[in-house]
Number of protein chains: 2
Amino acid sequence: MKIERTDTGMIDRRVARTRALLQDALITLVPERGYAPITVEDICEKANVGRSTFYTHYAGKEELRSATIDEHLRLLGNRQPSSPLETSDRLFEFSRPMFEHAHALRFLHRALLASSGDTIHDKFRERIRRAVRSELIGRRIDEAGGSLEVAVQFISGAFLAVLAWWIAADTGLSPAQVDALFQQMATRAGGREF
Amino acid sequence: MKIERTDTGMIDRRVARTRALLQDALITLVPERGYAPITVEDICEKANVGRSTFYTHYAGKEELRSATIDEHLRLLGNRQPSSPLETSDRLFEFSRPMFEHAHALRFLHRALLASSGDTIHDKFRERIRRAVRSELIGRRIDEAGGSLEVAVQFISGAFLAVLAWWIAADTGLSPAQVDALFQQMATRAGGREF
DNA sequence: CCGCTTCTGAACACGATGTTCAGCATGATA
DNA sequence: TATCATGCTGAACATCGTGTTCAGAAGCGG
């Protein structure tokens with residue numbers, strides 16, 4: 001069976017209801033056990049929706065998750081670019097609204113963006129974080145308000161992104177070259193207290 | 001059945017052979033299809049190892065991957081800390097050896113570290129990357145040797161790491177505060193050409 | 001060469017996926 | 001309100017991957 005739209009383009013209430021129930025169920029379930037171990041049946045049970053019904057809406061767990069995210073990201077996308085005239089020359093305008101939005105929907109983000117459940121990645125990341133942390137401690141005298149941890153996350157995140165990109169993309173850059181570029185940015189990032 | 005060691009602590013050749021075959025099979029398979037869709041049976045077939053044998057060595061796919069990584073990371077770990085006396089005050093000493101190592105074993109890294117196959121994360125990351133890229137273009141005049149892309153990866157990686165940490169850890173920091181810290185580091189990272 | 005360990009492949013139980021369908025319930029429309 | 005098209009249901013089914021078990025074959029170490 002397949003879900004169509006009415007001639008007028010309206011969405012049947014039953015369809016809207018079912019989809020909302022399923023998405024809510026997913027969002028409720030993920031924080032409890034994590035995403036990976038959840039089954040379609042779990043979701044249906046929590047949502048009080050027949051399993052066969054699930055498949056008339058989504059091809060599987062992944063598609064439900066994807067649709068859920070998309071629907072919420074669309075809301076974020078529909079913001080006016082913070083007054084188009086006011087072209088401040090502050091860099092990285094995007095960050096503030098992102099932080100705001102993530103904070104407002106932090107439960108959703110926790111449920112759907114956090115925990116890829118990827119053991120390997122996490123192991124590797126933790127390794128890097130430790131290295132960065134130990135290099136930062138002792139260089140910075142004062143660390144009020146957990147800004148050390150922000151710096152650790154900042155630097156290690158940057159490093160891993162550059163590393164992953166460099167390995168995957170097979171640019172012509174030699175290890176020494178990427179490292180030089182990374183070093184330059186990383187060192188500057190900390191400012192004078194480094 | 002369970003694999004033990006001989007009294008002398010030696011590893012039976014058959015055991016070594018089997019494990020090597022399985023690890024190699026995994027490394028061969030991942031670049032072809034990605035990690036997620038690979039089944040234990042696939043691995044066994046590629047490795048020419050009985051499926052029941054697989055389970056006498058590893059509890060599942062994940063454990064095999066974990067063991068494979070660990071075994072290779074151990075090789076990296078056994079490096080002397082680049083002459084302990086030479087305590088250069090160059091920051092982030094860790095990065096250079098990492099880049100070197102990743103380059104040497106780049107096929108392994110591509111196979112096991114790249115592509116978590118996580119659709120959602122990737123979508124989100126790409127969104128950020130685009131935002132960063134568009135903010136950087138136009139500000140930087142000269143972009144020789146793909147250093148723009150390095151900057152994009154650097155900044156977006158840093159942003160996502162900070163965001164993920166902040167959402168997950170529930171520190172007391174307000175959106176404005178995290179953003180301020182992020183902005184400070186990000187702006188500095190680019191140096192004067194920003 | 002002997003004895004012990006590992007490998008093998010087939011069989012089994014299990015759980016989750018994804019599909020199908022006949023019948024029921026509900027929303028849209030007039 | 002009546003009608004009818006559409007969505008929901010639940011049970012049944014086929015399929016697939018997982019993880020276990022075991023008896024016999026093969027290979028290793030001593």
Side-chain angles (χ1 to χ4, degrees), chain A residues 1-26 28-30 32-68 71 117-119, chain B residues 1-26 28-30 32-68 71 117-119:
Chain A
M1 195 198 266
K2 215 157 157 202
I3 304 290
E4 314 276 352
R5 307 202 136 203
T6 70
D7 309 348
T8 55
M10 276 207 64
I11 295 175
D12 193 308
R13 268 182 216 162
R14 289 167 292 181
V15 173
R17 171 176 137 346
T18 299
R19 292 191 180 161
L21 284 171
L22 289 173
Q23 297 192 359
D24 288 350
L26 179 64
T28 308
L29 246 29
V30 170
E32 293 173 9
R33 294 189 264 157
Y35 174 75
I38 295 177
T39 72
V40 171
E41 210 158 356
D42 293 334
I43 299 169
C44 292
E45 191 185 1
K46 179 70 96 182
N48 271 310
V49 165
R51 203 162 62 84
S52 62
T53 306
F54 180 99
Y55 288 106
T56 65
H57 292 279
Y58 305 104
K61 204 175 46 153
E62 191 50 37
E63 201 173 293
L64 171 61
R65 174 158 99 153
S66 186
T68 307
E71 223 141 294
D118 201 322
T119 328
Chain B
M1 192 200 267
K2 216 154 154 208
I3 303 291
E4 312 277 352
R5 307 203 134 203
T6 69
D7 309 348
T8 55
M10 275 208 65
I11 295 175
D12 192 309
R13 268 181 217 164
R14 288 167 295 178
V15 174
R17 184 182 88 90
T18 299
R19 292 190 180 163
L21 283 172
L22 288 173
Q23 298 194 358
D24 288 351
L26 179 64
T28 307
L29 246 30
V30 170
E32 293 174 9
R33 291 190 266 157
Y35 173 75
I38 295 176
T39 72
V40 172
E41 210 157 358
D42 293 334
I43 299 170
C44 291
E45 191 185 1
K46 178 70 97 180
N48 271 308
V49 166
R51 204 164 61 88
S52 62
T53 306
F54 179 99
Y55 288 105
T56 64
H57 292 279
Y58 304 104
K61 205 176 45 153
E62 191 49 38
E63 201 173 294
L64 170 61
R65 175 159 99 153
S66 184
T68 307
E71 222 142 294
D118 201 321
T119 328

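Quick note on labels: first sequence line is chain A, next is B, and so on, each numbered from 1.
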What are the atom names and distances for every N/O pair under 3.5 Å that joins the protein to nucleotides 24-27 of chain C?
from	atom 1	to	atom 2	distance (Å)
C:dT26	O2	A:Arg14	NH1	2.7

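- If you measure from atom CD of A:Glu45 to atom C1' of D:dC8, you get 18 Å, rounded to the nearest angstrom.
- Phosphate contact (OP1/OP2 of D:dG7, side-chain N/O of A:His57, threshold under 4.0 Å): absent.
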Under 3.5 Å, side-chain donor or acceptor atoms of residues 37-51 of chain B against the rest of the protein: list the pairs with distances, not counting sequence neighbours.
from	atom 1	to	atom 2	distance (Å)
B:Thr39	OG1	B:Glu41	N	3.3
B:Thr39	OG1	B:Asp42	N	3.0
B:Thr39	OG1	B:Asp42	OD1	3.4
B:Thr39	OG1	B:Asp42	OD2	3.1
B:Asp42	OD2	B:Arg33	NH1	3.3
B:Asp42	OD2	B:Arg33	NH2	3.3
B:Asp42	OD2	B:Thr39	N	3.0

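- Comparing A:Asn48 and B:Arg17 by the nucleotide of DNA chain D that holds the closest heavy atom to each, the one mapping nearer the 5' end is A:Asn48.
- Here the straight-line distance linking atom CZ of A:Arg17 with atom CG of A:Leu22 works out to 10.0 Å at 0.5 Å rounding.
- When all heavy atoms of B:His57 and B:Glu63 are compared, the pair lying nearest together is O-OE2, 4.0 Å.
- Of the possible donor and acceptor atoms, one in the side chain of B:Lys61 sits under 3.5 Å from a partner among the backbone N and O of B:Ala36.
- Counting only heavy atoms from C-beta outward, the side chains of A:Tyr58 and A:Arg65 never approach each other to under 4.5 Å.
- A:Arg19 places its CZ atom 13 Å from the C1' atom of D:dT6, with the value rounded to the nearest Å.
- Side-chain N or O atoms of B:Ser66 include none that pairs as donor or acceptor with a backbone N or O of B:Glu62 at under 3.5 Å.
- Distance, A:Phe54 CZ to D:dG7 C1': 16 Å, rounded to whole Å.
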Inset, instruction - Let me have a per-nucleotide readout for nucleotides 12-19 of chain C, 5' to 3', with B, S or -, counting only protein heavy atoms under 4.0 Å. - result: ----SBBB
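- By the 4.5 Å heavy-atom criterion applied to side chains, A:Thr18 and A:Val15 are not counted as neighbours.
- Taking atom CG on B:Leu21 and atom P on C:dC7, their separation rounds to 10 Å, with Å as the unit.
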